[in-house]
Enquirer: 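Quick one: the structure is below, and I'll ask about it shortly.
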Amino acid sequence: MVDATTRFFEDLDRRGYEPLLAKTSGTLRIDLHEGAQTRHWLLRIDHGRLNVSQEDREADTVIGTSPTLFEDIASGREHGLAALLRGDMTVSGDARLVVQMERIFPGSPDARGPRRRFAGEVH
């Protein structure tokens, strides 16, 4: 079974282009730390064109967190900027890229608003 993190990055790579990032360019590396091991995801963004790899290369922005927390972010159970403000994630480099990226993460399944329609809503 594929975890939400892998599914999230594979979906981005398969899409190849994300209109919400059309004005964004840069590289973002996510370092998922678990004990002595670190798993890397590198996202290259060029005006919305996306390329994903698992390389440990220099990046404009580097996010460090636990695999468990990122799994929750990738599945919409957790909000990335809130986790950052709580100190559950670290960011080095260009933090503006983190704010831009927040747009492409899924919203909470329980949220009401433009990202998710309330299941009990009457039309």
Enquirer: Which residue is it: Thr65, Thr38, Thr90? I am looking for the one with a side chain to side chain contact (heavy atoms under 4.5 Å, CB included) to His33.
Expert: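 Answer after filtering Thr65, Thr38, Thr90: Thr38.
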Enquirer: May I have all residue pairs that pass ring-ring contact (aromatic ring centres under 6.0 Å, His included) and include part of residues 38-59, sequence neighbours excluded?
Expert: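 For residues 38-59: Phe9-Trp41.
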Enquirer: Between Arg29 and Asp56, is there a side-chain heavy-atom distance shorter than 4.5 Å?
Expert: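 Of all side-chain heavy-atom pairs linking Arg29 with Asp56, at least one is under 4.5 Å.
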Enquirer: Measure the shortest side-chain to side-chain distance between Thr27 and Thr61 over non-hydrogen atoms and say whether it is less than 4.5 angstrom.
Expert: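 Not touching, per the 4.5 Å side-chain cut-off.
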Enquirer: Nearest 0.5 Å, what's the CG-CE distance between Leu97 and Met101?
Expert: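 If we round to the nearest 0.5 Å, Leu97:CG and Met101:CE are 7.0 Å apart.
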Enquirer: Under a 4.5 Å side-chain heavy-atom rule over Ile, Leu, Val, Met, Phe, Trp and Tyr, are Leu32 and Met89 clustered together?
Expert: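 Yes, because Leu32 and Met89 connect within a single hydrophobic cluster, where side-chain heavy atoms sit under 4.5 Å apart.
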Enquirer: For Phe70 and Phe105, take the angle between the two ring planes, folded into 0 to 90°, and tell me which bin it lands in: parallel under 30, tilted 30 to 60, perpendicular over 60.
Expert: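 Perpendicular: the ring planes of Phe70 and Phe105 meet at over 60°.
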Enquirer: Do the non-hydrogen side-chain atoms of Glu71 and Ile73 ever get within less than 4.5 Å of each other?
Expert: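 Heavy-atom side-chain distance check fails, nothing below 4.5 Å.
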Enquirer: Side-chain contact, heavy-atom cut-off 4.5 Å: Phe8 with Ile104?
Expert: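 Yes, side chains in contact.
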Enquirer: Give a yes or no on whether a salt bridge exists between Arg7 and Asp11, defined as a side-chain N under 4.0 angstrom from a carboxylate O.
Expert: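 The answer is no: the pair does not qualify as a salt bridge.
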Enquirer: Please report the interatomic distance CD1(Ile45) to OG(Ser25), rounded to the nearest 0.5 Å.
Expert: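 One finds 8.0 Å between CD1 of Ile45 and OG of Ser25.
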Enquirer: So, for Ala4 and Ser75, which heavy atoms are closest and what is the spacing to 0.1 Å?
Expert: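 It is CB-CB, 4.0 Å.
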Enquirer: So, Glu10 and Arg15, do they make that salt bridge, N to O below 4.0 Å?
Expert: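 Answer for the salt bridge query: no.
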Enquirer: Looking at side-chain heavy atoms only, is the closest gap between Ile63 and Asp31 below 4.5 Å?
Expert: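 Not touching, per the 4.5 Å side-chain cut-off.
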Enquirer: Using side-chain heavy atoms (C-beta onward) and a distance below 4.5 Å, is Leu43 in contact with Asn51?
Expert: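 No - every pair of side-chain heavy atoms lies 4.5 Å or more apart.
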Enquirer: What residues, two or more places apart in sequence or in another chain, satisfy side chain to side chain contact (heavy atoms under 4.5 Å, CB included) together with Ser66?
Expert: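 With sequence neighbours excluded, Ser66 shows a side chain to side chain contact (heavy atoms under 4.5 Å, CB included) to Thr68, Leu69, given in chain and number order.
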Enquirer: Let me check something: do Leu81 and Leu20 share a hydrophobic cluster, defined by ILVMFWY side-chain heavy atoms less than 4.5 Å apart, either directly or through other members?
Expert: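 Looking at the clustering, Leu20 is in the same group as Leu81.
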Enquirer: For the CZ atom of Arg103 and the CG atom of Leu21, what is their distance to the nearest 0.5 Å?
Expert: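 One finds 7.0 Å between CZ of Arg103 and CG of Leu21.
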Enquirer: For side-chain hydrogen bond (donor to acceptor under 3.5 Å, both in side chains), just list the numbers for Thr6 and Arg39, CA-CA rounded to whole Å, side-chain angles, deciding distance to a tenth of an Å, and then say yes or no.
Expert: CA-CA 11 Å; Thr6 302; Arg39 186 173 168 198; 2.7 Å; yes
Enquirer: Would you say that Arg96 contacts Thr24 through its side chain, given a criterion of any heavy-atom pair below 4.5 Å between the two side chains?
Expert: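 Not in contact.
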Enquirer: Set out, in order, the CA-CA distance, both residues' side-chain angles and the distance that settles side-chain contact (heavy atoms from CB on, under 4.5 Å) for His79 and Glu102, then state yes or no.
Expert: CA-CA 8 Å; His79 191 269; Glu102 183 66 25; 3.2 Å; yes
Enquirer: Stepwise, does the side-chain contact (heavy atoms from CB on, under 4.5 Å) test hold for Leu28 with Asp60?
Expert: CA-CA 6 Å; Leu28 175 74; Asp60 300 319; over 6 Å; no
Enquirer: Any side-chain heavy atom of Ile30 sitting closer than 4.5 Å to one from Val62?
Expert: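 No, every pair of side-chain atoms sits at 4.5 Å or beyond.
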Enquirer: Could you pull out the closest heavy-atom pair between Pro106 and Ala74, with the gap in Å?
Expert: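 That would be CG-O, 3.1 Å.
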Enquirer: Given the rule in the salt bridge (charged side-chain N to carboxylate O under 4.0 Å, His left out) test, do Glu55 and Arg44 qualify, once you have shown the distances and angles that lead to the verdict?
Expert: CA-CA 11 Å; Glu55 297 175 86; Arg44 291 179 186 90; 3.0 Å; yes
Enquirer: Using a cut-off of 6.0 Å, state whether more than 12 heavy atoms not belonging to Arg57 lie near its atom CZ.
Expert: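 Open: at most 12 neighbouring heavy atoms sit under 6.0 Å from CZ of Arg57.
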